[in-house]
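Okay, so here's the structure we're looking at.
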Amino acid sequence: MTQVLPEAAAVWAALAAVKDPEIPAVSVVEMGMVHRVEVAGDQVRVQVTPTFVGCPALALISRRIREQVAAVPGVAAVAVEVVFDPPWSSDRITPSGRARLQAYGIAPPVRACGCSGGGGGSPIPAALPGAPPCPFCGSADTQLENIFGPTACRSLYYCNGCRNPFEAMKAV
């Protein structure tokens, strides 16, 4: 009987099913948290970069990665390694991740170009001019209400257009 070995594409597909526990609309792949995947025979090693050093969901994310990847045909063992170099940056969020954040009601991080889309540019701190557009109505007439949001990676904003409060991912 021939041994079935896992394919990298199947491992990546399994990783895409691992949702961010704090923002279940996006996967850890879309958030740019998966730094590297190595498939060696039936052994898989996944390197994960947390969105910030003190991420309280990291143990849960690591467990879910192990569970999902272990279910891939041919995988005998999964190692999840947390790496901090290179550090995570909000530029790592994929275009689909940015779209899913917005659809979920969280403004994607604003970049130096003033956009929240897939363009280039260095990120700017959330408290500086260039507040994100409202994820609900698209208005640029928004203001920072509190740099401290429900998690360390989000801030609270208010839209003067539709008058809704909303969260925004901090640019890092």
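Computed from heavy atoms alone, side chains included, the values below leave out hydrogens, waters and symmetry copies. Numbering of residues begins at 1 and proceeds along the displayed sequence.
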Legend entry - Closest non-hydrogen atom pair, I93 against M31: CG1-O, 3.8 Å
Legend entry - Check: H35 and W88 side chains under 4.5 Å, non-hydrogen atoms: no
Legend entry - Side-chain heavy atoms of I61 within contact of V28, under 4.5 Å: yes
Legend entry - Common cluster, V53/L58, ILVMFWY with side-chain heavy-atom separation under 4.5 Å: yes
Legend entry - From V34, V46, V39, residue fulfilling side-chain contact (heavy atoms from CB on, under 4.5 Å) relative to W12: V34
Legend entry - V78-V83 co-clustered via ILVMFWY side chain contacts under 4.5 Å: no
Cut-off 3.5 Å, no hydrogens considered: what does the side-chain donor-acceptor table look like for residues 16-26, sequence neighbours left out?
| residue | atom | partner | partner atom | Å |
| --- | --- | --- | --- | --- |
| D20 | OD1 | E22 | N | 2.8 |
| D20 | OD1 | I23 | N | 3.3 |

Legend entry - Reported CD-to-CD distance for the pair E38 and Q43, which is rounded to 0.5 angstrom: 12.0 Å
Legend entry - Check: C153 and M169 side chains under 4.5 Å, non-hydrogen atoms: yes
Legend entry - Inter-residue atom distance R100.CZ - S27.OG, 0.5 Å rounding: 7.5 Å
Inset, instruction - Grab the two heavy atoms, one from V172 and one from S89, that are nearest each other, plus how far apart they are. - result: O-OG, 3.1 Å
Legend entry - R154-T151 side chain donor-acceptor pair, cut-off 3.5 Å: yes
Inset, instruction - With the side chain counted from C-beta on, respond yes when S62 and E67 share a heavy-atom pair under 4.5 Å apart, and no when they do not. - result: no
Legend entry - Validation row: E167, L156 side chains within 4.5 angstrom (heavy atoms): yes
Can you give each donor-acceptor pair under 3.5 Å made by side-chain atoms of residues 134-146, sequence neighbours left out, with the distance rounded to 0.1 Å?
| residue | atom | partner | partner atom | Å |
| --- | --- | --- | --- | --- |
| S139 | OG | D141 | N | 3.0 |
| D141 | OD1 | N160 | ND2 | 3.1 |
| T142 | OG1 | P132 | O | 2.7 |
| Q143 | OE1 | N160 | ND2 | 3.2 |
| Q143 | NE2 | E145 | OE2 | 2.8 |
| N146 | OD1 | F148 | N | 2.8 |

Inset, instruction - Is it possible for you to say whether V80 and V44 belong to one hydrophobic cluster, with membership spreading through side-chain heavy-atom contacts below 4.5 Å? - result: yes
Inset, instruction - Mind running side-chain contact (heavy atoms from CB on, under 4.5 Å) on R64 and L60 for me, showing each step along the way? - result: CA-CA 6 Å; R64 289 183 178 168; L60 179 59; 3.6 Å; yes
Legend entry - Closest non-hydrogen atom pair between P86 and T49, with its separation: O-CG2, 3.5 Å
Inset, instruction - Look at the side chain of R36 and the backbone N and O of V48, then say whether any donor-acceptor pair between them is shorter than 3.5 Å. - result: no
Legend entry - F166 side chain reached by I106 side chain, heavy atoms, under 4.5 Å: no
Legend entry - No-hydrogen, no-angle side-chain donor-acceptor test under 3.5 Å, T94 and E30: no
Legend entry - Note, K170 side chain near I147 side chain (heavy atom, < 4.5 Å): yes
Inset, instruction - Check whether any side-chain heavy atom of Q102 lies under 4.5 Å from a side-chain heavy atom of P108, and answer yes or no. - result: yes
